[in-house]
Amino acid sequence: MITVVGIGPGKKSLMLSGTQEIIDKAEIVIGSERQLSLFKVVPAKKVVFTRLAVLKKIICENFEKPIALLASGDPLLYGIGNWVLANFDPKMVKIVPGISSIQYMFHQIGLSMNDCYLTSSHGRVPDFDFLLRHKTVGMVTDAVIGPIQIADAIKQRNLHRTIYVGEMLSYPNERVSRFNEETVENRKYDMNVVIITNEG
């Protein structure tokens, strides 16, 4: 049995009650160094992975054991839970939800999530013509398409939007900024979420 455990944006107090109990009962706990550091896990059952091919091999070799796979945010909102369900028998998979970084960001800026469009730029090129038709868009971004590229796409279409950028959400060095397409700073953005709103 594989239990995919949503661990929220990063702060331990934001995890669902019972998360540590799931970790304790697992024979193998899989996650990144950052994810694993949040839990008391004995070294013998802790497995660090970096690539999906490695993850699939680990799970296949230990399929009969109770496995806990850590998922940042919510496993089914552009998370690893979707990959697990596509690659293994769903009857052998349990998904434990978590607070997504997008959800957390909406609450940090006091903006309703009603009728918003949620997406991700991880490993994909967004269709900005489609996205910018929406009044509000929440997007998990990466190093390739982030706040700067989003601002450029807005300017190229002669549109105006408010752009909220949340970096290192829920961590001690959390940073939430408000820009428009002209004022987005030309710098590196740490692990971030972007919310685009048409407030006009």
Side-chain angles (χ1 to χ4, degrees), residues 4 6-11 14 32-35 49-53 55 70-87 97-200:
V4 186
I7 61 173
K11 192 174 182 180
L14 295 175
S32 68
E33 289 278 12
R34 178 182 61 82
Q35 292 168 332
F49 83 94
T50 55
R51 293 182 295 115
L52 291 178
L55 175 58
L70 305 182
S72 293
D74 184 89
L76 294 181
L77 184 59
Y78 295 99
I80 194 72
N82 298 291
W83 177 87
V84 173
L85 289 173
N87 284 272
I99 296 173
S100 72
S101 56
I102 292 179
Q103 180 185 8
Y104 178 91
M105 178 65 175
F106 269 95
H107 285 75
Q108 288 300 89
I109 63 175
L111 187 64
S112 171
M113 293 182 69
N114 292 353
D115 302 318
C116 67
Y117 184 81
L118 305 181
T119 189
S120 169
S121 67
H122 280 273
R124 69 182 73 194
V125 178
D127 180 349
F128 283 105
D129 291 321
F130 171 76
L131 290 184
L132 294 172
R133 290 180 201 147
H134 296 81
K135 184 176 180 181
T136 307
V137 176
M139 183 186 296
V140 179
T141 62
D142 62 12
V144 178
I145 298 178
I148 296 169
Q149 292 74 26
I150 291 169
D152 286 343
I154 294 168
K155 287 188 284 188
Q156 287 167 16
R157 290 159 178 78
N158 296 312
L159 298 173
H160 303 287
R161 297 289 187 271
T162 300
I163 302 168
Y164 296 94
V165 182
E167 301 173 76
M168 303 301 293
L169 294 174
S170 86
Y171 287 89
N173 54 337
E174 174 180 297
R175 181 177 183 179
V176 175
S177 307
R178 184 179 187 271
F179 304 109
N180 61 41
E181 69 281 354
E182 299 290 347
T183 61
V184 168
E185 298 168 352
N186 186 12
R187 62 175 175 83
K188 179 182 180 292
Y189 289 86
D190 295 319
M191 199 166 65
N192 66 95
V193 167
V194 173
I195 294 174
I196 310 161
T197 65
N198 183 0
E199 296 179 346

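Sequence positions, counted from 1, serve as the residue numbers for this chain. Computed from a predicted structure; not experimentally measured.
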Could you check if a side-chain atom of [X] sits within less than 4.5 angstrom of a side-chain atom of [Y], using non-hydrogen atoms only?
{"X": "Ile80", "Y": "Leu55", "result": "yes"}
{"X": "Tyr104", "Y": "Val193", "result": "no"}
{"X": "Glu174", "Y": "Gln108", "result": "yes"}
{"X": "Asp152", "Y": "Phe128", "result": "no"}
{"X": "Arg178", "Y": "Thr162", "result": "yes"}
{"X": "Thr119", "Y": "Pro126", "result": "no"}
{"X": "Ile150", "Y": "Leu131", "result": "no"}
{"X": "Leu111", "Y": "Met105", "result": "no"}

Spacing of [atom1] belonging to [X] relative to [atom2] belonging to [Y], to within rounding of 0.5 Å:
{"X": "Leu159", "Y": "Ile154", "atom1": "CG", "atom2": "CD1", "value": "7.5 Å"}
{"X": "Thr197", "Y": "Ile163", "atom1": "OG1", "atom2": "CD1", "value": "9.0 Å"}
{"X": "Leu77", "Y": "Ile99", "atom1": "CG", "atom2": "CD1", "value": "12.5 Å"}
{"X": "Ile195", "Y": "Arg161", "atom1": "CD1", "atom2": "CZ", "value": "15.0 Å"}
{"X": "Ile148", "Y": "Asn186", "atom1": "CD1", "atom2": "CG", "value": "4.5 Å"}
{"X": "Phe106", "Y": "Asn114", "atom1": "CZ", "atom2": "CG", "value": "10.0 Å"}

Would you indicate whether [X], at its atom [atom1], is surrounded by more than 12 heavy atoms from other residues, nucleotides or ligands within a distance under 6.0 Å?
{"X": "Lys155", "atom1": "NZ", "result": "yes"}
{"X": "His122", "atom1": "NE2", "result": "yes"}
{"X": "Asp115", "atom1": "CG", "result": "no"}
{"X": "Arg51", "atom1": "CZ", "result": "no"}

When you measure from the side chain of [X] to the backbone N and O of [Y], does any donor-acceptor pair fall under 3.5 Å?
{"X": "Arg157", "Y": "Leu132", "value": "no"}
{"X": "Ser101", "Y": "Gly73", "value": "no"}
{"X": "Tyr78", "Y": "Leu118", "value": "yes"}
{"X": "Asp74", "Y": "Gly98", "value": "yes"}
{"X": "Tyr171", "Y": "Glu167", "value": "no"}

(request) Could you walk me through whether Val4 and Trp83 pass side chain to side chain contact (heavy atoms under 4.5 Å, CB included), step by step? (result) CA-CA 11 Å; Val4 186; Trp83 177 87; over 6 Å; no
(request) Test Ser121 against every option in Val140, Val194, Thr141, Val144 by the side chain to side chain contact (heavy atoms under 4.5 Å, CB included) rule and name the one that passes. (result) Thr141
(request) Report yes or no: do Ser72 and Arg34 form a side-chain donor-acceptor pair below 3.5 Å? (result) yes
(request) Could you tell me which residues satisfy side chain to side chain donor-acceptor pair (under 3.5 Å) with Arg175, sequence neighbours excluded, listed by chain and number? (result) none
